[in-house]
Amino acid sequence: MPLGKLAVRLTRLPCRVEFEMEYKNTLNLPQTDFPMRAGLVQREPERLAKWYAEGLYEQIQKRREGAERFLLHDGPPFANGDVHIGTALNKILKDFILKYQSLRGKQVPYVPGWDCHGLPIEFKVTQKMRKDGNTDATPAAIRKACEEYALGFIDKQREQFKRLGVLGEWDNPYLTLNPDYEAEELRLFADLVEKGFVYRGKKPVYWSIPCRTALAEAEVEYQDHISQSVYVKFPIVGESNMYLLIWTTTPWTLPANLAVAYNSQFDYQLIRVGEEAFIVSVPLLDIVVEKCGWAGDFEILRTVQGDQMAELEYHHPFCNRTGKLFAGDLFVDDSAGTGLVHIAPGHGQDDYNLGRNNGLPVYSPVDDKGCLARTADLPDEQQISDDLVGKQILSKNGKSEANEAVIEVLKSDNKLAFQESYEHSYPHCWRSKSPVIFRAMDQWFVNIDHDGFRDKALAAIDSVNWVPGWGRNRIEGAVQSRPDWCISRQRSWGVPIPAFYDAQGEPILDHRIVRNTADLVQQNGSNIWFERELADLWETVKPANWDGPDAAGKSTDTLDVWIDSGSSSRSVLMQRIELGRPNTEAGSPDAWQADYYLEGSDQHRGWFQSSLLLSLAGNGIAPYRNVLTHGFMVDADREKISKSKQDGGYSKPQTAEAYIGQYGADIVRLWVASQDFRNDITVSEERIKKVAEAYRGIRNAFRYQLSNLYDFDPAKHTVSDNDLTGLDRWILDCFSKVDSDVRESYEKCEFHIVYQRITQFVSVELSAVYHDTVKDRLYTSPSNSIRRRSTQTTLYRLVQGFSKMLSPILVFTADEAWESIPHLDSSCVHLTDWDPFEFCISDNEASNWKAMFAIRERIMPVLEEARRAKQIGKGLEACVSLSGVGNEFQIAQDHHEDLRELINVSQLSLNEGESDPLEIAVSKAAGEKCERCWRWETSVGSHNDHITLCSRCVEAVS
RNA sequence: GCUUUCGUAGCUCAGUUGGUUAGAGCGAUCGUCUUAUGAGCGAUAGGUCGGGGGUUCGAGUCCCCCCGAGAGUACCA
């Protein structure tokens with residue numbers, strides 16, 4: 001270092017700090033109020049309050065008046081309990097779609113709904129009533145309490161849903177308990193009655209003993225259950241000590257036994273064991289013999305062909321009657337048991353079918369309480385003896401009174417050949433979680449095969465777009481195999497079935513009566529049915545020219561809740577004008593059919609199906625065009641939890657509130673977006689934390705962009721596309737590709753792709769390349785230089801596009817960012833239009849950048865090497881030398897300054913040489929570090945007024 | 001039991017009609033900067049594509065079997 005310069009610097013040393021500060025003030029350092037820390041938990045509610053004060057949802061609707069409508073119909077959650085995290089997932093996914101479609105220009109109304117009737121609520125309410133000693137409440141009183149209960153939870157859930165950032169008609173939702181809703185539901189029911197779908201029949205249905213009601217398929221869930229498996233001796237008529245050996249896992253159904261089924265394709269054998277002889281199927285002989293302990297102690301007497309079995313008759317093991325054998329090839333198999341199947345037509349579907357085909361009565365000697373009883377179906381003397389009457393079927397502490405009693409009777413008469421515990425999955429009541437029983441009783445049914453309805457339903461399924469595709473198989477399978485729909489419930493909290501009974505006890509169900517009742521309900525609510533006296537009610541709803549029998553009693557049954565929610569297309573979509581499509585033919589499917597239904601995959605047997613069947617029966621068409629399905633919330637370490645439960649255990653929070661309260665809605669929303677919802681969604685601390693980190697990345701990008709726009713006024717400073725610097729043009733081109741990719745993913749509802757695309761763009765192209773590179777010109781170039789304004793023009797466009805594309809997901813943060821963008825017309829990102837982001841560079845320009853990035857790729861490791869060797873620290877201390885020939889060298893030469901900037905070094909020297917590919921060398925940069933811009937320049941020290949600055953900075957500060 | 005979906009780095013996802021040595025981001029680790037600083041930049045490690053067969057010149061991709069997870073469902077007599 002020349003002595004002179006050193007002297008100068010030394011003399012200035014005491015003042016150096018002062019000068020640095022001074023020069024620092026000449027930089028255009030970033031400024032913004034947009035905080036790095038989000039404080040979502042605290043600040044989201046503030047923004048929410050503002051939105052509702054300003055009526056944001058209404059403003060959004062107003063802006064889109066006359067636009068094409070996009071209709072997503074909300075599936076109603078139960079008005080019971082806090083919002084579960086899975087329910088929140090569902091609402092958030094819906095909101096992604098709603099916000100996206102709205103932003104893209106459609107009018108997107110959203111009417112949330114609640115399912116208000118049904119067992120879940122009545123169960124809770126009556127439970128509380130019992131606790132309070134109120135055991136004989138009238139149906140009307142129970143209903144009042146249920147309504148209060150439901151409305152209370154609707155208020156609670158409404159706030160929890162709003163907190164998620166979901167916008168909609170929260171003040172005017174649809175409730176299945178609204179009189180208008182109930183009335184339309186009854187009118188739909190009247191259509192079904194008129195068209196001949198509804199009949200009363202006696203057949204086995206699921207029966208919940210604790211809930212004392214019939215259940216639908218969608219109301220049972222499978223759980224493991226231990227049953228008593230018994231092998232029973234049925235004495236053969238006309239023989240002594242000769243028995244059929246039958247197997248059952250439900251001994252309590254033996255009193256209902258009316259027949260035995262065999263498989264005509266099997267061979268059976270008569271075997272002798274001591275003084276007794278048994279008929280057992282050949283394929284199962286070995287197992288039976290072993291279980292009964294007869295091994296080595298029996299002899300085969302003869303073989304009986306299956307088709308000879310029909311000639312046999314047997315004595316019921318403990319009732320005074322006989323039964324016959326029938327072929328049941330469809331269901332008698334050789335996988336377990338004895339090959340001889342005990343048949344109780346009142347307690348099983350196959351049994352029922354076999355009984356009906358052979359003229360057996362539907363005998364179900366069980367009362368509503370779940371106790372064994374005598375019925376009018378058989379003469380008293382043929383039924384169970386007194387010691388069995390009143391025995392409870394439902395097991396307590398693993399023991400069923402009825403099973404025990406039956407087994408005891410069998411034992412005492414030496415009719416029990418073998419007994420063991422048998423673990424299998426068994427249907428349970430979804431409310432009481434106790435095993436259901438099959439029990440035949442009089443119920444109302446919808447005939448699924450009426451007038452080819454099942455085939456029509458299958459055809460309708462085919463006309464709908466199911467996403468993911470396997471949803472089609474699911475619902476097809478469900479519809480194909482479903483039995484008739486049992487729609488009556490012996491409960492109070494529901495829409496009444498407007499049926500009467502005549503003096504003989506015969507039911508009266510007439511579509512005119514149903515419609516009259518609907519009108520009555522519309523005016524008074526459905527409580528009227530329970531409150532009014534029979535005579536009064538009958539006079540009110542009886543058709544004018546009624547010539548049938550008069551009513552002697554009214555039905556107290558209510559409709560299955562799946563009829564409630566399933567008729568929402570009729571009660572909501574076809575009624576609400578804001579949910580219709582104007583300019584379409586009134587009443588045509590186009591006028592009301594929903595674009596989307598979106599629910600969890602369990603709804604294939606639930607709401608998707610009930611909605612389809614009811615809409616099809618009533619309106620002749622499916623209620624939806626697209627059906628989206630999401631998986632369930634699963635616990636990532638479910639196994640770990642159950643394991644750790646053994647040592648103390650802990651439980652994961654289940655409510656949405658727990659997560660929102662800890663992370664804020666935007667993080668939860670981003671987490672929902674981050675995973676492919678068509679599979680199950682993993683809830684784990686680790687996962688949410690990762691998402692929170694990604695959020696910080698996005699937020700920082702916002703902050704960087706916003707903080708460099710503080711002095712930018714687009715009206716004055718915008719640089720035209722052609723005058724933008726190459727790097728600006730490059731990032732805008734990148735962004736337009738991101739924009740179109742993201743739009744495509746939103747269209748396909750692939751939000752996890754949106755997430756991946758955006759977060760990866762943020763960390764690679766934006767943060768590591770563009771933001772990092774452009775820092776120098778933003779900070780050090782003269783504030784009004786075209787170079788700086790070019791980049792600000794670019795940032796200004798990026799930040800707007802970025803806010804928009806994120807706004808369906810990060811509803812709060814995107815709006816917060818939007819507010820910080822200077823000079824905008826619109827005050828809220830949700831009140832903007834997302835038009836495609838148009839920017840395209842030529843192929844030539846693109847390929848130049850591609851080449852420069854390729855060169856950069858190769859320079860990086862060399863720089864890193866120099867850094868490791870302590871030759872340089874930051875990149876600006878380096879001089880990179882490239883030498884070579886050819887196209888690559890030519891591009892480097894043509895874009896010398898762009899390339900230097902891109903690799904973020906102070907100097908880039910290019911030397912024509914022989915080497916191809918380029919030869920790369922790194923050395924310490926020449927000159928000295930400029931105090932202002934930190935670049936190493938040979939011009940530093942040559943300006944007397946600013947001895948520590950480079951030429952560019954001298955110019956910038958003067 | 002039957003039907004069905006799923007199984008790619010620690011995490012979340014890509015992986016086109018089968019086609020080089022299976023990719024990305026994040027995280028982790030190490031380094032670097034101190035003009036985005038509870039930030040930024042760089043580098044490194046990480047996979048027998050659940051396992052095993054088969055078809056093929058070639059399989060993460062197609063076929064079969066098995067294992068594991070989820071869901072649906074049954075008449076388990």
Side-chain angles (χ1 to χ4, degrees), chain A residues 24 27-30 32 36-37 204 217 220-222 227 229 246-250 253 257 260-261 328 330-333 335-344 347-354 422 424-427 438 468 470-471 473-475 477-478 481-482 600-602 604-605 631-632 634 636 638-639 671 674-676 678-680 682 684 686-687 689-691 693-694 696-697 700-701 703-708 750 752-753 755-764 767-769 771-772 775-776 778-780 860-861 863-865 867-868 872-877 904 932-934:
Chain A
K24 193 168 175 176
L27 293 171
N28 313 299
L29 290 180
T32 181
M36 177 169 282
R37 296 201 60 194
E217 280 71 31
V220 302
E221 52 194 32
Y222 287 82
S227 293
S229 163
I246 66 97
W247 177 55
T248 180
T249 58
T250 49
T253 62
N257 174 277
V260 166
L330 284 177
F331 58 91
V332 178
D333 61 39
S335 62
T338 61
L340 291 171
V341 173
H342 140 66
I343 294 295
H347 292 297
Q349 193 62 42
D350 278 343
D351 305 50
Y352 171 81
N353 293 337
L354 185 135
Y422 184 77
H424 56 160
S425 93
Y426 189 88
F438 280 95
W470 50 259
N473 299 343
R474 282 283 291 280
I475 191 159
S481 62
R482 69 159 303 146
S601 59
D602 54 337
H604 284 108
R605 66 164 184 172
F632 292 102
V634 296
R638 173 171 292 176
E639 292 189 4
W671 160 63
S674 75
Q675 298 184 74
D676 186 348
R678 294 166 298 194
N679 299 322
D680 288 345
T682 311
S684 73
E686 185 193 16
R687 182 63 207 144
K689 285 199 168 135
K690 293 279 160 60
V691 169
E693 274 158 22
R696 262 178 250 134
N700 265 325
R703 185 171 139 93
Y704 178 93
Q705 298 184 339
L706 293 168
S707 66
N708 284 297
E750 292 177 340
H752 64 293
I753 305 290
Y755 172 87
Q756 299 268 341
R757 188 72 172 93
I758 292 180
T759 53
Q760 295 190 16
F761 171 74
V762 164
S763 55
V764 181
S767 184
V769 178
H771 284 174
D772 198 44
K775 240 167 25 176
D776 177 73
L778 285 170
Y779 296 172
T780 69
M860 287 307 198
L863 279 171
E864 183 63 17
E865 216 171 286
R867 198 170 284 130
R868 275 181 197 283
I872 57 164
K874 63 186 302 185
L876 285 177
E877 287 174 39
N904 247 321
R932 182 169 173 275
C933 71
W934 292 359

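In what follows, chains are A, B, ... by sequence order, proteins preceding strands, each numbered from 1. This structure is a prediction, so every number in the text was calculated from the model and none was measured.
Nucleotides B:rA9 and B:rU44 are separated by 15 Å at their C1' atoms, to the nearest Å. Nucleotides B:rG10 and B:rC49 place their P atoms 13 Å apart, quoted to the nearest Å. Spacing of P atoms, B:rA28 relative to B:rU73, comes out at 43 Å, to the nearest Å. Across B:rC41 and B:rA14, the matching P atoms stand 26 Å from one another, rounded to whole Å. A distance of about 36 Å separates the P atoms of B:rC11 and B:rA74, rounded to the whole Å. Between B:rG27 and B:rA39, the two P atoms lie 10 Å apart (nearest whole Å). Rounded to the nearest Å, the gap between the C1' atom of B:rG23 and that of B:rU16 is 14 Å. Look at the C1' atom in both B:rC13 and B:rU55: the space between them is 30 Å, to the nearest Å.
Relative to the side chain of A:Thr682, the nucleotides B:rG42, B:rU12, B:rC13 differ in distance, and B:rU12 lies closest. Here the side chain of A:Gln760 is nearest to one of B:rG25, B:rC11, B:rA14, namely B:rG25. Side-chain proximity of A:Glu864 to B:rC41, B:rU73, B:rA43: nearest is B:rA43. Side-chain proximity of A:Met36 to the nucleotides B:rU32, B:rA36, B:rA43 is greatest for B:rA36. For A:Lys874, whose side chain is taken as the heavy atoms from C-beta onward, the closest listed nucleotide among B:rU34, B:rG27, B:rA71 is B:rU34. Closest approach to the A:Trp470 side chain among B:rU5, B:rA36, B:rG40 is made by B:rU5 (side chain taken as heavy atoms from C-beta onward). Candidate nucleotides B:rC76, B:rA14, B:rA43 were compared by shortest atom distance to the side chain of A:Trp247, and B:rC76 ranks first. Checking B:rC75, B:rG42, B:rC13 against the side-chain heavy atoms of A:His752 singles out B:rC13 as nearest. Residue A:Asp772 places its side chain closer to B:rG40 than to any other of B:rA14, B:rG40, B:rC76.
Using a 4.0 Å heavy-atom distance criterion, A:Thr780 is classed as making no nucleic acid contact. Using a 4.0 Å heavy-atom cutoff across all strands shown, A:Val764 reaches sugar-phosphate atoms only and no base atom. Contact annotation for A:Ala694: no contact, since no heavy-atom pair falls under 4.0 Å across all strands. Within 4.0 Å (heavy atoms only), A:His604 reaches no atom of the nucleic acid at all. Counting non-hydrogen atoms under 4.0 angstrom, A:Lys775 reaches a base of the nucleic acid. Residue contacts shown for A:Phe438 are limited to sugar-phosphate atoms, with no base heavy atom under 4.0 Å away. Among the protein residues, A:Arg696 comes within range of no part of the nucleic acid, since none of its heavy atoms lies under 4.0 Å from any strand. Within the 4.0 angstrom heavy-atom criterion, only backbone atoms of the sugar-phosphate kind lie near A:Ser674; the bases stay farther away. Here A:Asn700 lies in heavy-atom contact (under 4.0 Å) with a base. Looking at heavy-atom distances under 4.0 Å, A:Asn353 makes no contact with the nucleic acid at all.
Of the two residues near RNA chain B, A:Ile246 and A:Ser601, the one whose nearest nucleotide lies more 5' is A:Ser601.
Using a 4.5 Å heavy-atom cutoff, the side chains of A:Pro30 and A:Tyr704 are not in contact.
Side-chain to base pairing of A:Arg474 with B:rG72: no donor and acceptor N or O lie closer than 3.5 Å to each other. At a cut-off of 3.5 angstrom, counting only N and O atoms as typed in the model, there is no donor on one side facing an acceptor on the other between the side-chain of A:Gln756 and the base of B:rA14. Side chain A:Gln675 to base B:rU12: no donor-acceptor pair is found below 3.5 Å.
Atom CG in A:Asn904 sits about 13 Å away from atom P in B:rA43, given to the nearest Å.
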>> Applying salt bridge (Lys or Arg N to Asp or Glu O under 4.0 Å) to A:Arg605 and A:Asp602, what does each step give before you reach the verdict?
In response: CA-CA 6 Å; A:Arg605 66 164 184 172; A:Asp602 54 337; over 6 Å; no

